[in-house]
Asker: 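Before anything else, here's the structure in question.
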Number of protein chains: 2
Amino acid sequence: MAITIKDVARESGVNISTVSRALNNGYGVNPQTRDLVVSVASRLNYRPNRVARGLVTGRSHSMALVVSDIRNPFFAEVARGAADAARTDNCDLILCNSDLDPVRQMEYVKSLLEKRVDGILMNSVSPLSAEDQAELVECGVPIVLLNRSAASKAFSTVSADNEAGGVLAAQHLLKLGHRKIAHVTGPRQHGNLSDRTRGFVQTLEDAPRPVTPIVLHGPFNFEGGRDLSARLLAEHPETTAIFAANDVMAFGAVRTALDRGLRIPEDLSLIGFDNIEFSSIIHPPLTTIHQPKYEMGQAAVEILLRLARDKTRRTPESRVLGVELIERQSCGRRS
Amino acid sequence: MAITIKDVARESGVNISTVSRALNNGYGVNPQTRDLVVSVASRLNYRPNRVARGLVTGRSHSMALVVSDIRNPFFAEVARGAADAARTDNCDLILCNSDLDPVRQMEYVKSLLEKRVDGILMNSVSPLSAEDQAELVECGVPIVLLNRSAASKAFSTVSADNEAGGVLAAQHLLKLGHRKIAHVTGPRQHGNLSDRTRGFVQTLEDAPRPVTPIVLHGPFNFEGGRDLSARLLAEHPETTAIFAANDVMAFGAVRTALDRGLRIPEDLSLIGFDNIEFSSIIHPPLTTIHQPKYEMGQAAVEILLRLARDKTRRTPESRVLGVELIERQSCGRRS
DNA sequence: TTCATAATTGGAAACGTTTGCGACTATTTT
DNA sequence: AAAATAGTCGCAAACGTTTCCAATTATGAA
């Protein structure tokens, strides 16, 4: 059996309450007995039982991260930021994959509530029914949503400045002299994607010499990028630049370009969004809009930590983090 | 405050022990009162406090995954498999990133022990000192190591059949008629890498017309693959095929080939190891040895789960999972 | 020296469960 | 009809902490 606070108390000839005080804050206990207790504890190799502590303090010192799939490099990066931030407060991070399945997501949340997690960082609540969402805001545990700034005001949110990213992409293409511009993106109802699209389209239309881009919606993945850009180039071969709503869709566009014998960036310019690691590895290295993924995870648990401490006034907090244009070699100049 | 078993007991007019029995196994309690209790519990929206339960049962229903970095796609896939397997037993998965730093790794482990996790799935113990390793085997919590079959017999292990993967790669290249073959891999002391190397080299040397490959060691990442193959091709331009010890190194070799104006697979054949998602996305799609990453994560927590249940005879268990050649378009025929 | 005060410690309740044991009732057996 | 048995259920201890409160001791001021 593991050794407990009682063993330490017996061995040092004091009461367990003294042991507890000596080992925790150390305040209000005689330095001598404190030293004694500490030495006995380390000699016995005592490790406090954190679940017992959690029972009385009400804090479990764990956070949860509910994403659609950790295999998505975007979420992996967020997870790393979140885990590192949690570690600074001795919290650990529970990983849940929902595949955006509402049932699974609620199952996870309920299980997490039973575990009394101190906070939950969630990918999305949009697939959830209104009742489920209401239950989430009522359940009492702090929740922050990722990249869902448009969602209910009841939740805290952390997101990248998606609209600004769209603007950056448009400006870059404009500056390079492009006039035949297209945009391939995910499903229409996708909140932060439409922010990107809005910033992009608006900027093109507000330009001194306005451009109206072609916008295509489809699956938010490699195949979507590949197929959408194939359709696009078949119908509009005059297109000189494509802005993809994320890097993986851009990779799909690269594949299509290669299949059609187009050179990048000579024949076709490509710009992505996310700046995942493989954007710099692929050929040609992809010009893209950098999202501060690691920092988003970090910021999210910082908010969660704050909310967990102030059990009183828990006003939701929202942060939007800046994005950045990363120029690599997939965009070329047009006269 | 959250509502507890006492509230349910009071509301249904029975003792808390009856509530507990009714809600758990349900055995030994009158079907009528059972139904009553269940309905009251759901009406009050009662959620059992799992930390209180954990305190008495001694099981926390959580597992931990300690990897070097979740951003490595290999580990992300393992994590997904582990999380899914854990979910089947209502366990959840705590994610820890060690960066292979021994200090951080031990900190994490100690923290996990305090949390009374039911098991730990670990990337590696090799950076740990002998005392630390001894402490791990002594601590009483089941541990399974990933891809470290050569490690101490005291731990359970799950690994891919690395040697067979090396054999497969060699056979494939031989079959395509290659005679000038090289192998770029990670640092020399890396256990499972040397398994791959051994299988590869042995097979080439044992062939009817034996081949002695050039073997280069370097950093186990993109830059390593890029630089090693650059050096290789500078010194041995006659090389027609390279086996990289993982896909990311292979991507580095692709970059080098492109830089030198070599076509893949016409001028240079490439074969990787891992079969991460981007292997099929990159151009040309990479021929590689598939590791069952998801299944490895799954198998690991299955072992952990079994070990957690049988607190008695805890004999370490080892499983090695098969690998598979995935033929894509980065390897060509030589006459 | 005496009293007030501060510092240190112990006792015990509490956190929310599970579970062994005994008591009581209903059912069956002889 | 009495005894044995099975089915229900309540009581209370236990899990390992933290923390409030009271008790004791040491310290300083008057």
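Quick note on labels: first sequence line is chain A, next is B, and so on, each numbered from 1.
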Asker: List for me each residue that meets side-chain hydrogen bond (donor to acceptor under 3.5 Å, both in side chains) alongside Arg104(B), sequence neighbours excluded, and say none if there are none.
Answerer: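 If we apply the side-chain hydrogen bond (donor to acceptor under 3.5 Å, both in side chains) test to Arg104(B), skipping adjacent residues, the hits are Asp99(B).
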Asker: What's the CG-C1' distance between Asn30(B) and dT25(C), to the nearest Å?
Answerer: 12 Å
Asker: Below 3.5 Å is the cut-off: list the nitrogen or oxygen pairs between protein and nucleotides 19-22 of chain C, distance only.
Answerer:
{"residue": "dG20(C)", "atom": "O6", "partner": "Arg21(B)", "partner atom": "NH1", "Å": "3.4"}

Asker: What are the residues of residues 5-14 of chain B, sorted by number, that bring a heavy atom to within less than 4.0 Å of DNA chain D?
Answerer: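 Hits under 4.0 Å, by residue number: Gly13(B), Val14(B).
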Asker: Quick one: which residue pairs count as a salt bridge (charged side-chain N to carboxylate O under 4.0 Å, His left out) with a foot in residues 52-62 of chain A, not counting sequence neighbours?
Answerer: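 Salt bridge (charged side-chain N to carboxylate O under 4.0 Å, His left out) check on residues 52-62 of chain A returns Arg59(A)-Asp89(A), Arg59(A)-Asp118(A).
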Asker: For Glu295(B), enumerate each residue passing the salt bridge (charged side-chain N to carboxylate O under 4.0 Å, His left out) test, keeping only those at least two apart in sequence or located in another chain.
Answerer: none
Asker: Specify the residues of residues 32-54 of chain A, ordered by number, for which at least one heavy atom lies under 4.0 angstrom from an atom of DNA chain D.
Answerer: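 Under 4.0 Å from DNA chain D: Tyr46(A), Arg47(A), Pro48(A), Asn49(A), Ala52(A), Arg53(A).
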Asker: Output the rounded distance in Å from CG (Leu55(A)) to P (dA13(C)).
Answerer: 17 Å
Asker: Show every salt bridge (charged side-chain N to carboxylate O under 4.0 Å, His left out) that has at least one partner inside residues 14-36 of chain B, sequence neighbours left out.
Answerer: none
Asker: Using the C1' atoms of the five pairs at each end, what is the angle between the end axes of the helix from dT1(C)-dA30(D) to dT30(C)-dA1(D), to 10°?
Answerer: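 One end axis against the other gives 40°.
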Asker: What is the separation between atom CD on Glu114(B) and atom P on dC15(D), rounded to the nearest whole Å?
Answerer: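 Answer to the nearest Å: 20 Å.
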Asker: For Ser156(A) and Glu317(A), indicate whether the former's side chain and the latter's backbone hold a donor-acceptor pair under 3.5 Å.
Answerer: yes
Asker: Distance check needed: dT17(C) P versus Lys115(A) NZ, whole Å only.
Answerer: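 Atom NZ in Lys115(A) sits about 15 Å away from atom P in dT17(C).
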Asker: Would you mind reporting whether Val67(A) and Val78(A) have side-chain heavy atoms less than 4.5 Å apart?
Answerer: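 When only atoms from C-beta onward are counted, Val67(A) and Val78(A) do not touch, as no gap falls below 4.5 Å.
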Asker: Just jot down the side-chain hydrogen bond (donor to acceptor under 3.5 Å, both in side chains) partners of Glu107(A), sequence neighbours excluded, or say none.
Answerer: Arg87(B)
Asker: Any sub-3.5 Å donor-acceptor pair from Ser12(A)'s side-chain atoms to Val14(A)'s backbone N or O?
Answerer: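 Side chain of Ser12(A) to backbone of Val14(A): no pair is present.
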Asker: What residues form a side-chain hydrogen bond (donor to acceptor under 3.5 Å, both in side chains) with Arg10(B), not counting sequence neighbours?
Answerer: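 Arg10(B): side-chain hydrogen bond (donor to acceptor under 3.5 Å, both in side chains) contacts with Asp7(B).
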Asker: Would the distance check show the side chain of Asp161(A) and the main-chain N or O of Val320(A) forming a donor-acceptor pair, the cut-off being under 3.5 Å?
Answerer: no
Asker: How many whole angstroms separate atom NE2 of His61(A) from atom P of dG16(D)?
Answerer: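 That distance rounds to 20 Å.
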Asker: Is the closest basic N to carboxylate O distance between Glu277(B) and Arg71(A) below 4.0 Å?
Answerer: no
Asker: Going by side chain to side chain contact (heavy atoms under 4.5 Å, CB included), name the residues that satisfy it together with Ile5(B), two or more places apart in sequence or in a different chain.
Answerer: Ile16(B), Val19(B), Ser20(B), Tyr46(B)
Asker: Can you list the residues that meet the side-chain hydrogen bond (donor to acceptor under 3.5 Å, both in side chains) rule with Asp84(B), with sequence neighbours excluded?
Answerer: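 Asp84(B) satisfies side-chain hydrogen bond (donor to acceptor under 3.5 Å, both in side chains) with Arg80(B), Tyr294(B) only.
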